[in-house]
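Values reported hereafter were calculated over all heavy atoms of this structure, with side chains retained and with hydrogens, waters and symmetry mates removed. Here, residue 1 is the first one in the sequence, and each next residue gets the next number.
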Amino acid sequence: MSALEIGEKTATASVDGTEIYEVELTEHEDGLTGCCDCPYGREGNFCKHCVAVGLTVLQQSESVPKHRAAAASRSRQLTTWLETRSRGELLALVKEHIAADHDLRRRLELRASTADDDPSAVRERFLTLLDTRPFARYGYVEYADARAYGLQAAEAVSVLRNLTATGRATEAVDMAREAVEALARTYGEIDDSDGVIGNVADGLAAAHLEACLVAHPDPSRTADWLVDHLLSDLGHATDILLSAYADVLKSTGMARAHERAAAALRENAEDWAAKDLMEQLLRMEGSVDALIALHATDMAPSGATHLLIARELERAGRPVEALEWAERGLGEAEPDHGPETRLVDACERYIRSGRPADVVRIRREVLLRRRSLAAYQHLRTAARAAGCWDETERTRALDALRADTQPLIGLGRPGPALIDALLDDGDHDAAWQAGTEGHAATANGSPSPTTPGTTAPETPWPCTTD
């Protein structure tokens with residue numbers, strides 16, 4: 001290993017392997033990343049050369065703070081030196097570097113061209129920034145080349161923002177749309193493990209919105225472009241939200257987008273992109289009942305859709321209906337899939353104030369549908385809060401668990417939830433008896449009124465509160 005250099009947040013070195021490889025480690029708040037130009041490293045892996053550099057840095061851990069402080073000092077010194085150079089000296093320095101760096105020269109030429117009045121020339125150079133062909137050695141931009149391509153493509157975002165800032169927002173709108181479409185077409189052919197290209201896509205989308213807010217393009221045409229993009233297979237490449245364009249679309253564009261989304265759903269009711277688009281539109285329009293009807297066309301067996309509808313109603317200031325939908329979810333959730341835990345929690349939260357007995361009722365319903373230790377514990381907690389966790393309440397809860405039997409040599413045997421619940425209550429003798437016998441025993445050791453293989457009552461028992 002040679003040329004080890006420790007910076008403020010990085011460590012670089014040349015490592016001898018089959019060839020000499022260049023390694024860079026970068027420290028982040030959530031960990032360490034490594035880049036190496038060996039074949040394994042180019043695939044995005046933290047290779048042995050990265051490990052070697054990391055171990056070397058660790059061996060010098062006592063001197064690392066001194067190296068980092070020195071790097072920070074050099075950075076400040078460079079900034080101060082640049083700030084004190086004359087215009088001529090800086091110009092000479094830039095010319096020196098662009099003569100040796102073709103990519104830098106091209107990017108600066110493009111920035112310079114945005115100051116001209118020739119839109120076609122700007123557009124032509126702009127689109128070259130998004131051309132993946134120089135980076136796709138095998139028809140695909142590999143991990144090792146994705147960062148370099150991302151740095152180049154990021155210049156397109158700067159160009160768009162510069163156009164908007166210099167009074168050419170209308171031009172920026174059209175160019176941003178071309179850029180988003182161009183990047184979306186090639187996104188699936190790029191190894192974006194580090195998310196560099198995704199950041200560029202988000203930047204292009206943000207630059208498009210900024211330009212639209214300044215230029216105020218035709219609302220209907222803007223709606224068509226947005227809908228086409230969001231309904232395409234490429235819509236996932238950018239993080240465009242229709243709601244961000246409310247001031248641009250106005251009523252005309254909103255109506256056009258609604259018409260297009262409705263037509264897409266009529267053509268294919270299972271089109272998730274069209275459904276998502278319609279959900280955005282209905283929220284923007286404040287059409288809560290229409291939004292609920294849309295959700296209700298595809299109810300999840302876990303009760304998750306009921307929860308979604310309940311939350312929409314709660315946001316709309318309709319808590320009574322929210323609770324009704326949440327309770328419906330408890331009753332309609334399929335035992336093999338639900339009820340969704342968050343749905344149960346929501347029901348409890350909706351009715352907790354002043355209605356402890358109703359919380360107990362809900363927890364009983366959950367226990368009857370999902371006979372588990374967790375459901376038993378939740379019921380016990382709720383019943384204690386309501387003052388009705390007595391021997392009768394406990395026995396009925398254990399009977400519900402006892403009804404969940406497992407076959408053993410032709411006999412019904414209690415499932416593990418009953419044994420877990422008895423152990424959780426500290427009733428070890430009853431747990432032992434339930435685990436060793438072919439029939440279940442009650443908490444006090446006497447035979448259960450519910451025989452093996454039968455089921456407990458399917459309606460919640462009354463809460464004996466005062």
Side-chain angles (χ1 to χ4, degrees), residues 35 37 42 44 94-215 217 225-226 228-229 232-240:
C35 295
D37 57 1
R42 285 200 299 268
V94 171
K95 286 182 176 180
E96 176 186 338
H97 280 279
I98 63 177
D101 190 331
H102 174 72
D103 290 336
L104 175 61
R105 182 183 186 88
R106 183 170 61 176
R107 292 197 297 271
L108 291 179
E109 285 176 343
L110 179 58
R111 291 196 182 188
S113 69
T114 60
D116 296 334
D117 295 324
D118 184 358
S120 62
V122 174
R123 176 182 174 278
E124 181 180 352
R125 292 182 178 180
F126 171 79
L127 291 177
T128 62
L129 293 174
L130 301 163
D131 187 357
T132 59
R133 287 175 295 181
F135 300 88
R137 289 178 289 180
Y138 307 103
Y140 178 82
V141 180
E142 297 181 334
Y143 176 83
D145 302 309
R147 182 170 294 275
Y149 171 69
L151 290 173
Q152 175 179 294
E155 286 295 318
V157 178
S158 300
V159 170
L160 292 172
R161 288 181 167 150
N162 186 54
L163 286 170
T164 299
T166 56
R168 300 168 68 177
T170 299
E171 189 178 338
V173 169
D174 291 335
M175 287 173 55
R177 292 175 184 176
E178 284 193 82
V180 168
E181 292 164 4
L183 186 60
R185 282 193 298 270
T186 58
Y187 188 68
E189 301 170 2
I190 303 171
D191 183 346
D192 191 29
S193 300
D194 285 346
V196 175
I197 315 304
N199 291 337
V200 173
D202 290 341
L204 291 173
H208 174 259
L209 175 59
E210 291 169 12
C212 285
L213 291 171
V214 173
W225 183 82
L226 288 168
D228 285 341
H229 178 69
S232 73
D233 293 335
L234 308 173
H236 69 281
T238 57
D239 192 21
I240 290 178

Over all atoms of both residues, closest heavy-atom pair of [X] and [Y]:
| X | Y | value |
| --- | --- | --- |
| Ala172 | Leu160 | O-CD2, 3.6 Å |
| Val214 | Ala169 | CG1-CB, 3.7 Å |
| Ala205 | Val180 | N-CG2, 4.4 Å |
| Val122 | Met175 | CG1-CE, 3.9 Å |
| Tyr143 | Cys35 | OH-SG, 4.5 Å |
| Ile190 | Ala146 | CG2-CB, 4.2 Å |

Pair Phe135-Gln152, side-chain contact (heavy atoms from CB on, under 4.5 Å): steps then yes or no: CA-CA 11 Å; Phe135 300 88; Gln152 175 179 294; 3.5 Å; yes
What residues, two or more places apart in sequence or in another chain, satisfy salt bridge (Lys or Arg N to Asp or Glu O under 4.0 Å) together with [X]?
| X | value |
| --- | --- |
| Glu210 | Arg161 |
| Asp131 | Arg133 |
| Glu124 | none |
| Asp37 | none |

Inset, instruction - Output every pair passing salt bridge (Lys or Arg N to Asp or Glu O under 4.0 Å) with a member in residues 180-193, not counting sequence neighbours, ordered by first then second residue. - result: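 Checked against salt bridge (Lys or Arg N to Asp or Glu O under 4.0 Å) - neighbours excluded - no pair reaches residues 180-193.
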When you compare the side chain of Glu171 with that of Phe126, does any pair of heavy atoms fall below 4.5 Å?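 Not touching, per the 4.5 Å side-chain cut-off.
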Point to revise | Check: Tyr149 side chain, Leu130 main-chain N or O, donor-acceptor pair, under 3.5 Å | key: yes
Hits for side-chain contact (heavy atoms from CB on, under 4.5 Å) against Ile98, two or more places apart or cross-chain, chain-then-number order -> Val94, Leu104, Arg105, Leu108
Working to the nearest 0.5 Å, report the span between [atom1] of [X] and [atom2] of [Y].
| X | Y | atom1 | atom2 | answer |
| --- | --- | --- | --- | --- |
| Asp202 | Ile240 | CG | CD1 | 9.5 Å |
| Glu142 | Ser193 | CD | OG | 11.5 Å |
| Asp174 | Arg177 | CG | CZ | 6.5 Å |

